[in-house]
Amino acid sequence: MSETYNPGRIEPAIQAQWEKDNAHRAERGEGERFYCLSMFPYPSGKLHMGHMRNYTICDVISRYQAMCGQRVLQPMGWDAFGLPAENAAMANGVPPARWTRDNIAHMRDQLKSLGFAIDWERELATCDPEYYRWNQWFFLKLLERGIAYKKTGKVNWDPVDQSVLANEQVVDGRGWRSGALVEKREIPMYYLRITDYADELLDSLEQLDGWPERVRTMQANWIGRSEGAEISFACGDETIKVFTTRPDTLMGATYMAVAAEHPLAVGAARNNPELATFIAECQKGGTSEADVATQEKLGMDTGLKAVHPLTGDELPVWVANYVLMGYGEGAIMAVPGHDERDFEFALKYDLPIVQVISLPEGREYDHQQWHDDYAAKDGALLNSGPYDGLTCQKGVEAIVADLESNNAGRGRIQFRLRDWGISRQRYWGCPIPIIHCDECGDVPVPEKDLPVVLPEDLIPDGGGNPLNRCEAFINTSCPQCGRPAKRETDTMDTFVDSSWYFLRYTCPDNDQAMVDASTSQWMPVDQYIGGIEHAILHLLYARFWTKLMRDEGLVNVDEPFARLLTQGMVLAETYYREDESGRKTWFNPADVDVERDDKGRLVRAVLAADGGEVQPGGVEKMAKSKNNGVDPQALVDQYGADTVRLFSMFAAPPEQSLEWSDAGVEGAWRFLRRLWSGVQAHAEGGTHSGPIPAQLSDPARELRRLLHETIAKVGDDFGRRYTFNTAIAAIMEFSNHLNRFEARDDNDRRVRQEAWEAVVRLIAPVTPHVSESLWQALGGQGSVFDAGWPEVDDSALVRQAVTIVVQVNGKVRGRIEVPPESPEDQVREAAMAEENVVRFVDGKTIRKVIVVPDKLVNIVAT
RNA sequence: GCCGGGGUGGCGGAACUGGUAGACGCGCCGGACUCAAAAUCCGGUUCCAGUGAUGGAGUGAGGGUUCGAUUCCCUCCCCCGGCACCA
């Protein structure tokens with residue numbers, strides 16, 4: 001054992017020992033099973049700080065649970081299909097397969113050097129045919145069940161590159177490579193009927209009490225169940241069907257609006273070139289909801305008239321770009337009096353605005369200016385003929401009843417959630433196992449022919465999916481009639497891959513089945529950890545897929561993740577220089593030196609390379625575009641894995657965003673050095689095992705009280721609260737005391753032995769290498785992780801006295817010491833006698849005295 | 001635009017159930033050690049006034065409830081995440 005802390009020497013040695021002992025095999029131990037899972041990484045090249053943080057959180061929880069006697073499964077794998085590999089291929093001419101596998105090899109080494117207790121025997125990559133064959137197999141099951149089906153869907157089309165673009169490839173309405181204005185285009189795609197499960201996905205959110213409330217709220221809003229009515233408006237020989245959540249405002253409908261793709265609009269445009277131009281105009285721009293929702297509201301009258309189902313009045317039918325074909329019926333009844341978007345539109349195009357719901361006493365309806373309470377539901381109906389005077393609730397009931405008797409509508413539930421389109425016009429993904437035959441149509445690939453293997457040597461060039469030009473892949477024969485036929489070249493959304501990988505970790509080598517009996521033993525995942533950016537899509541799809549597999553009889557759980565922790569992003573300071581033309585060049589924080597004044601405030605930042613000044617650009621998410629990424633590997637090389645792990649857990653609670661600071665890493669490093677030298681100094685005098693005697697010196701008794709308070713706090717923080725930063729702060733605080741404690745006799749030394757043994761175990765989930773080394777230095781047998789979690793000695797927690805704060809009119813004026821649980825009147829008396837308190841109540845009348853036991857006295861005096 | 005979250009010293013953060021605002025760490029200031037520096041150790045550090053005891057102000061802004069509000073309620077400002085083809 002060396003005198004000074006040298007992570008470069010101890011970390012590889014300890015990792016080798018763990019590997020030799022198979023220390024991280026999930027089958028090890030006898031306790032209850034605990035499945036601890038992080039969202040698997042996209043193999044982008046090297047580990048970034050977000051990964052580092054995610055996997056450290058997971059490792060701390062895993063190691064803590066293991067020390068408490070659980071049988072822990074902590075697996076790792078690779079979300080290996082996706083767009084970045086195609087982009088890298090275009091940039092470097094390397095096939096996505098090779099780029100991806102090289103990245104995986106490098107990142108695996110990095111993960112190993114961080115000392116995570118991962119069971120590497122279960123590693124998987126979604127780009128392996130042994131994995132994705134089960135995507136294909138299950139997709140065929142879903143086709144049989146009618147859950148998977150084909151229809152057209154809207155995509156971003158780049159007319160120059162002749163290819164479909166992802167939303168992120170559309171920048172300011174233009175294709176990122178070609179610069180061409182992007183258009184919307186309808187193409188056939190496969191969909192999964194997630195809307196069939198909308199009710200269950202919504203209802204079972206309530207049972208997910210291990211999930212953050214905000215994630216459940218976001219999912220509930222995303223699913224978006226709304227109660228309302230569908231209403232039919234006659235329009236010539238056609239019918240316009242609409243869905244509304246406000247049937248009570250039906251008498252205030254002054255026009256109809258349909259989406260540009262609505263059959264009625266398309267029909268009307270046939271002999272109206274101006275309208276056709278407008279509809280074509282609506283096809284410009286991207287498909288993302290944010291794009292659509294922020295664009296200017298535009299519309300045009302079709303000339304058609306719809307008939308109000310209750311009054312028989314004629315309403316003009318408009319085409320409007322704020323009406324979405326994908327939601328409801330692609331048409332709305334516009335009630336500008338009580339809907340903000342309709343109001344804005346009516347004002348712009350001079351359409352009538354009619355108030356049909358009363359406002360609170362004294363409020364006047366302003367036809368020129370929208371106010372939020374116009375949308376409220378607590379008024380009474382007016383300007384509504386026979387319905388005048390009804391409350392909104394009664395109005396809904398009466399109007400829906402009348403519509404039903406006229407056969408013009410009915411009450412209905414509508415979801416915002418849309419079916420999941422899984423087709424992607426991309427190469428680097430799981431092939432959709434379909435064969436197109438001129439005679440037989442779309443024919444599923446027979447199960448015995450799975451997997452449909454993706455050729456791995458193609459290189460995308462930006463001109464669409466290279467599979468379309470790969471004869472060897474495309475040409476095949478029809479499984480039904482045997483004639484020449486062509487394979488589907490679309491691949492699956494990568495969210496399919498990530499919707500069930502956590503199931504496959506339980507049986508990664510089973511080549512006969514997608515999942516098996518061990519899956520039921522491990523599921524559900526006890527703790528899932530990942531970025532907040534996945535709060536909706538990934539987590540919703542994974543929940544949905546699990547229910548699909550349950551209904552296929554493959555798994556026995558309704559929900560995949562019992563407890564969820566969503567970590568915040570990792571941020572860093574940005575620095576830049578601006579040239580004359582306003583172009584900014586960004587500099588990495590590692591290359592910038594900062595000067596401070598005597599208060600520690602930043603006065604100047606200079607680039608180390610040339611000594612010239614750079615401007616601080618604020619703290620932002622670590623990203624290539626701002627050049628503010630901090631490479632965890634450089635820090636691991638410099639300080640060792642334990643220091644980097646310690647700082648990333650100490651700097652902020654896991655749910656919150658983490659601002660990276662190299663200076664803070666220094667503090668973590670100093671703490672580990674002090675811990676190391678403190679244990680060494682103690683161990684030099686020999687270890688001191690043996691029972692703690694009942695009679696102790698005052699300092700030793702005080703130290704034990706602090707120790708056992710700390711053990712209780714750290715266990716609570718690691719096991720329940722997941723606030724690793726406060727756990728570490730408590731361990732640091734106690735270590736500071738312990739380092740100052742002077743042992744005067746053997747009893748004191750026994751207490752100090754007990755304390756160091758506990759500290760080394762408490763910090764072990766965070767800094768496993770240091771703890772293994774120091775555990776041995778303290779004379780411990782075997783691994784510190786087999787030593788168990790320290791137990792709280794309740795008898796050590798007893799206090800002699802407590803400090804009580806005395807306030808006068810809510811301001812602290814003094815403190816008193818009393819025995820714990822002193823009677824209220826004695827506490828009150830002592831408080832009134834305190835010197836400074838006397839000064840402040842002197843000459844005043846005491847109105848009230850509030851006593852909070854063992855904490856506080858507040859004297860109210862005037 | 002819609003949905004969700006956040007805002008506390010020079011900085012990261014703590015205060016868990018309405019009860020001492022600023023634990024722990026960074027930075028900064030002072031001291032010890034050193035020929036010197038680094039490292040290390042000791043002390044101080046919310047702001048303002050005061051030698052000090054102590055007093056006043058203070059948790060994005062404004063208002064409210066309460067003996068007492070960082071915590072609960074209302075209005076507003078700013079920042080961040082998601083918006084269905086980034087993962």
Inset, instruction - Take atom P in B:rU71 and the same atom in B:rG63, then report the distance between them in whole Å. - result: 14 Å

Inset, instruction - Count the heavy atoms of every other residue, nucleotide or ligand shown that sit under 6.0 Å from NZ of A:Lys46, and state whether that count exceeds 12. - result: no

Inset, instruction - Could you label the plane-to-plane angle of the A:Phe502 and A:Tyr528 rings as parallel, tilted or perpendicular, counting under 30° as parallel and over 60° as perpendicular? - result: tilted

Inset, instruction - Look at the rings of A:His51 and A:Tyr55 and say which category their plane angle falls in: under 30° parallel, 30 to 60° tilted, over 60° perpendicular. - result: parallel

Inset, instruction - Answer yes or no: does a side-chain N or O of A:Lys855 lie under 4.0 Å from OP1 or OP2 of B:rG19? - result: no

Legend entry - P-based separation of B:rG13 from B:rC26 [nearest Å]: 16 Å

Legend entry - Parallel, tilted or perpendicular, as decided by the 30° and 60° cut-offs, for the rings of A:Tyr197 and A:Phe544: perpendicular

Inset, instruction - Identify whether any heavy atom of A:Arg424 sits under 4.0 Å from a base atom; if not, whether one sits that close to sugar-phosphate; answer base, sugar-phosphate or nothing. - result: base

Inset, instruction - Would you kindly compare A:Phe81 and A:Asn836 by the position of their nearest RNA chain B nucleotide and give the one closer to the 5′ end? - result: A:Asn836

Polar atom pairs between nucleotides 76-83 of chain B and protein, under 3.5 Å, N or O only, would you list them?
unit_1, atom_1, unit_2, atom_2, d
B:rC83, O2', A:Glu289, OE1, 3.3

Legend entry - Criterion side chain to side chain donor-acceptor pair (under 3.5 Å) on A:Trp176 and A:Asp158, from CA distance to verdict: CA-CA 9 Å; A:Trp176 65 333; A:Asp158 185 321; over 6 Å; no

Inset, instruction - May I ask you to say what A:Met492 touches in the nucleic acid, namely base, sugar-phosphate or nothing, with a heavy-atom cut-off under 4.0 Å? - result: nothing

Inset, instruction - Remember a base hit wins even if backbone is also touched, and classify A:Arg674 as base, sugar-phosphate or nothing at under 4.0 Å, heavy atoms. - result: sugar-phosphate

Inset, instruction - Verify side chain to side chain donor-acceptor pair (under 3.5 Å) between A:Asp717 and A:Thr726, making sure each step is shown before the conclusion. - result: CA-CA 7 Å; A:Asp717 284 353; A:Thr726 55; 2.9 Å; yes

Legend entry - B:rA21 and B:rA53, which share atom name C1', separated by this distance in whole Å: 23 Å

Inset, instruction - Hunt down any stem RNA chain B takes part in, defined as 3 or more consecutive Watson-Crick or G-U pairs whose two distances are each under 3.5 Å. - result: B:1-7 with B:77-83, B:10-12 with B:24-26, B:27-32 with B:40-45, B:46-49 with B:54-57, B:60-64 with B:72-76

Legend entry - Residue-phosphate contact under 4.0 Å: A:Lys297 side-chain N/O, B:rG1 OP1/OP2: no

Legend entry - Residue pair A:Lys713, A:Glu733: steps toward the salt bridge (Lys or Arg N to Asp or Glu O under 4.0 Å) verdict: CA-CA 12 Å; A:Lys713 156 119 187 109; A:Glu733 200 170 0; over 6 Å; no

In a table with atom names and distances, give each donor-acceptor pair under 3.5 Å that connects a side chain of residues 853-862 of chain A to protein atoms at least two apart or in another chain.
unit_1, atom_1, unit_2, atom_2, d
A:Asp854, OD1, A:Glu821, N, 2.9
A:Asp854, OD2, A:Glu821, N, 3.3
A:Asn858, OD1, A:Gly810, N, 3.1
A:Thr862, OG1, A:Arg847, NE, 2.7
A:Thr862, OG1, A:Arg847, NH2, 3.1

Inset, instruction - Remember a base hit wins even if backbone is also touched, and classify A:Val292 as base, sugar-phosphate or nothing at under 4.0 Å, heavy atoms. - result: nothing

Legend entry - Salt-bridge present (A:Arg341, A:Glu344; N to O < 4.0 Å): no

Inset, instruction - Output yes when at least one side-chain N/O atom of A:Arg813 is less than 4.0 Å from OP1 or OP2 of B:rG55, else no. - result: yes

